[in-house]
Amino acid sequence: MVSFGSKALPLRRLGGIMGDEDNSHKRSRKKMGMSRKPDKQSNYFDANVNKNGSGRGSQRQSDSETRRSVVRKQVDPETTKYFSEIANLIESNGVDMEERSVVCGNALEEARGKEFELATDYYLSHTMQTLLEGCDVNSLCSFLQSCAKDFPSIAMDRSGSHVAETAIKSLSQHLQDNDVYSVIEDTLNAICKVIVKNPGDLMCDCYGSHVLRSLLSLFKGVPLDSSEFNRRKSSSVLAERLNFKAFRADTDISPQAVQGFPGLLDFLVSGMSKCIQNNIKTMQVDQYSSLVLQSALKLLAGDEEKLLQIIPILIGCTREEILEGDSIKTTKARNILYLMKETAFSHLMEVALEVAPEVLYNEMFTKVFRNSLFELSSHHCGNFVIQALISHAGSLDQMEVIWEELGSKFKDLLKMGKSGVIASLIAASQRLHIYEHKCCEALAMAVHSSNESSTCIVPRILFLDSYFYCEDKSNWNWPSGAKMHVMGSLILQGVFRFQNEFIQPFITSITSLNADNILEAAKDSGGARVIEAFLSSDASAKLKRRIIMKLRGHFGELSLQSSGSFTVEKCFTVGNISLREAIVSELLTVQSELWNTKQGPHLMRKLDVDGFAARPDQWRSRQESKQSTFNEFYSTFGSSETKPSKNSSFLSDDSKKTSQPNKIKQMREEIAHLQTSPAPFLSTTGFKRKPNKPENSSKKFARNSADDDVPKVKNKSKNIVTDT
């Protein structure tokens with residue numbers, strides 16, 4: 001008989017210890033969503049506790065680290081049966097919720113002295129995870145303190161790493177109770193002391209690096225299920241670099257949901273820094289240590305003191321050299337440039353440039369990157385570092401250096417497929433208000449010659465690869481049915497945010513597209529955003545309506561597409577009354593299908609399609625009243641920058657003359673009435689669409705952005721969003 005808390009159950013006959021799998025564990029693995037596979041050579045022995053990883057463009061030297069060889073003992077049959085019965089009991093719901101914590105705590109007590117063997121066992125490790133999730137905080141901390149000396153070995157095991165991360169996540173959940181903070185801190189302190197003796201083992205291990213990143217997040221007080229640090233989407237990084245949203249480098253990236261351990265964070269980061277100094281050549285090119293260091297840098301964002309300690313070490317300098325103004329030696333600069341062509345180090349440098357204090361950024365810009373911008377921009381890894389560098393340029397002098405080296409290289413960069421560098425340069429030019437006209441001229445000249453019509457500019461940028469891979473470029477035509485280039489569409493979105501006088505060739509080109517090409521662009525997610533960006537630009541209302549007219553007869557079709565619905569909404573906003581009526585009339589023909597789409601209810605309410613169907617005259621009156629009221633309000637109270645332009649109004653001259661209010665109070669009351677109308681259907685569902693201009697904070701239904709051809713922070717995103 002085996003005792004489980006207050007219950008006593010008979011032992012069941014298990015399959016051979018080294019043979020058949022228990023079916024209950026198979027079911028358990030499926031429920032837990034685990035993807036670990038047992039070693040074909042041995043079910044119970046993990047000889048490969050430490051894994052060597054290789055990144056693209058670099059190989060970690062196997063003899064660069066002296067690893068402690070750990071041989072795990074076989075779990076004895078009696079213990080195996082005990083924990084198998086525990087797993088069956090919990091899985092069959094044979095334990096009340098009130099008794100579950102006691103049963104899990106008693107089982108963990110039985111594991112004392114055998115934690116390493118049980119945690120690294122392929123089958124029993126799942127049971128250990130269940131116990132760690134179900135026990136109380138005292139049993140959890142007791143287990144971790146007992147195995148603290150073996151924690152690094154557990155973390156570097158294929159199965160044990162899951163157990164370690166489960167324990168860390170459970171600790172994070174218990175931190176919601178302030179009374180247990182000191183107990184958890186003592187436990188983590190014991191683990192941290194073991195790790196800092198040789199953090200390089202964990203940093204360079206494919207399993208251990210994940211556990212270490214979870215520990216860093218816990219110490220900072222960041223929720224472990226947050227993807228902001230460890231798996232930040234590349235689309236999120238791209239949105240920042242192209243001015244779609246504000247940078248957050250000098251603030252906490254994610255709100256703190258739990259209490260952190262700042263002292264332990266400093267202690268662990270200091271231990272990692274010393275390890276980097278002693279093993280700098282390995283750490284700079286190892287892909288797993290690069291991931292750990294990226295997480296650490298993001299967590300330290302805004303803490304200049306800490307960043308000035310760790311970033312100089314990564315580039316082979318010291319904090320004192322930077323602060324005292326000593327130049328980064330030429331030999332060191334050349335070595336840094338060489339390393340930025342390695343995948344792991346280039347990832348690391350992107351984050352370092354993002355969070356670096358100004359004094360450090362300026363030193364690296366001047367001593368490392370200057371006179372090497374085009375060389376790095378031409379490299380398949382280095383070009384992403386240059387994108388980060390340009391995106392964080394903060395002075396006009398730096399932009400002058402960037403333009404001097406890259407301003408004449410637009411065509412070369414596009415030929416090499418490095419369009420991301422150009423996109424970052426255009427965004428930086430717009431952000432710092434320098435070289436705006438020159439950027440537009442250089443981009444136009446890169447895709448067409450002086451003896452060609454400017455009508456070809458937009459199509460060639462929409463299909464960058466197709467155009468530049470074409471041998472006979474003079475006879476290149478719109479490739480019907482092909483997907484539009486993601487970065488090309490982002491470049492055009494940035495271009496249409498410039499002032500009207502800078503982008504005349506681009507305006508001429510997009511308005512010259514025939515109806516079929518406009519429709520094909522509107523059906524493409526990237527092309528649709530370009531159309532919306534043009535409709536939001538400073539171009540005249542007449543030219544915008546020319547584009548809208550080419551989509552007549554297809555608004556119903558477009559509204560059924562997730563991306564096309566935004567284009568329909570933008571056309572409605574920009575169009576005059578007759579165009580608005582035409583759009584709503586087309587939506588009426590597909591309203592039954594539209595209500596069944598994700599975006600349909602929002603669009604139907606925003607355009608008041610039902611109101612138009614019921615009372616067309618009142619619908620038209622409401623549309624005129626809304627626009628005239630807001631125009632008059634802004635003309636009275638708005639600044640010169642906020643007054644609507646004549647070109648942006650959809651009303652006829654007659655309607656403008658007859659809509660003057662008698663009293664400001666009446667205007668305010670009418671605006672308040674309009675603003676209290678029901679919120680859009682999806683306004684509270686978490687789908688938000690970021691406007692082009694940061695001062696406009698209205699929330700709208702958002703769509704996902706394609707992640708092709710994006711900076712290679714390959715595991716990061718947020719959606720790329722545009723103005724609605």
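Sequential numbering from 1 along the given sequence is applied to the chain's residues. The structure displayed is predicted, hence computed values, not measured ones.
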For S290 and Q294, run side chain to side chain donor-acceptor pair (under 3.5 Å): C-alpha distance rounded to whole Å, both residues' side-chain angles, the deciding distance at 0.1 Å, then the answer. CA-CA 6 Å; S290 174; Q294 289 174 54; 3.0 Å; yes
Spatial distance of atom [atom1] ([X]) from atom [atom2] ([Y]) [nearest 0.5 Å]:
X: D286; Y: E342; atom1: CG; atom2: CD; result: 11.5 Å
X: I310; Y: Q277; atom1: CD1; atom2: CD; result: 10.0 Å
X: T166; Y: H126; atom1: OG1; atom2: NE2; result: 10.5 Å
X: S289; Y: L212; atom1: OG; atom2: CG; result: 10.5 Å
X: L299; Y: L218; atom1: CG; atom2: CG; result: 11.0 Å
X: K298; Y: L300; atom1: NZ; atom2: CG; result: 12.5 Å

With no hydrogens and no angle check, is any side-chain donor or acceptor of [X] less than 3.5 Å from a backbone partner on [Y]?
X: Y288; Y: L202; result: no
X: S214; Y: H210; result: yes
X: S139; Y: C135; result: no
X: S273; Y: V269; result: yes
X: S142; Y: N138; result: no
X: K220; Y: P262; result: no

Looking at side-chain heavy atoms only, is the closest gap between [X] and [Y] below 4.5 Å?
X: V196; Y: F267; answer: yes
X: V368; Y: M340; answer: yes
X: T120; Y: V163; answer: no
X: M203; Y: T282; answer: no
X: I154; Y: F116; answer: yes
X: Q284; Y: L314; answer: no
X: I195; Y: L215; answer: yes
X: L376; Y: L389; answer: no

Non-hydrogen atoms of [X] and [Y] that approach each other most closely:
X: M272; Y: V292; answer: CE-CG1, 3.6 Å
X: L307; Y: A301; answer: CD1-CA, 4.3 Å
X: S92; Y: L89; answer: OG-O, 3.1 Å
X: N383; Y: H380; answer: ND2-O, 3.1 Å
X: A148; Y: P152; answer: O-CD, 3.9 Å
X: F143; Y: E115; answer: CE1-CG, 3.3 Å

Answer yes or no: are there more than 12 heavy-atom neighbours, outside Y338 itself, under 6.0 Å from its atom OH?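 Incorrect, the count does not exceed 12.
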Please determine whether the number of non-hydrogen atoms from other residues, nucleotides or ligands lying under 6.0 Å from atom CD of E358 exceeds 12.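 It does not: E358 CD has 12 such atoms or fewer within range.
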Starting from the C-alpha separation in whole Å, work towards a yes-or-no answer on side chain to side chain donor-acceptor pair (under 3.5 Å) for S170 and E133. CA-CA 6 Å; S170 296; E133 290 172 337; 5.9 Å; no
Should Q287 and C204 be marked as a side chain to side chain contact (heavy atoms under 4.5 Å, CB included) after you check the CA-CA gap, both sets of side-chain angles, and the distance that decides it? CA-CA 8 Å; Q287 62 168 330; C204 296; over 6 Å; no
Measure up the F261 and F219 rings against each other and bin them: parallel (under 30°), tilted (30 to 60°), perpendicular (over 60°).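 It falls in the perpendicular class, over 60°.
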Output, in order, the C-alpha distance, side-chain angles, deciding distance and verdict of side chain to side chain donor-acceptor pair (under 3.5 Å) for D201 and N198. CA-CA 6 Å; D201 283 355; N198 191 7; 3.2 Å; yes
If you apply the rule side chain to side chain contact (heavy atoms under 4.5 Å, CB included), what do you find for L131 with I90, and how did you get there? CA-CA 9 Å; L131 297 177; I90 296 175; 4.0 Å; yes
Under the side chain to side chain contact (heavy atoms under 4.5 Å, CB included) criterion, do F83 and L118 qualify, and how do the steps go? CA-CA 9 Å; F83 284 98; L118 292 169; 3.7 Å; yes
Quick one, N106 with E110, criterion side chain to side chain donor-acceptor pair (under 3.5 Å). Give me CA distance, side-chain angles, the key distance, then yes/no. CA-CA 6 Å; N106 289 345; E110 290 293 327; over 6 Å; no
Establish, from distance only, whether the side-chain atoms of [X] and [Y] form a donor-acceptor pair under 3.5 Å.
X: N189; Y: E185; result: no
X: S125; Y: Q129; result: no
X: S153; Y: D150; result: no

Do K114 and E117 meet the salt-bridge criterion of a basic N to acidic O distance under 4.0 Å?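 No.
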Start with the C-alpha distance between C147 and R112, add both sets of side-chain angles, then the distance that settles side chain to side chain contact (heavy atoms under 4.5 Å, CB included), and finish with yes or no. CA-CA 8 Å; C147 67; R112 185 176 295 274; over 6 Å; no
For the side-chain contact (heavy atoms from CB on, under 4.5 Å) test, which of V180, V183, L132 pairs with L140?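 Looking at V180, V183, L132, the match for L140 under the side-chain contact (heavy atoms from CB on, under 4.5 Å) is L132.
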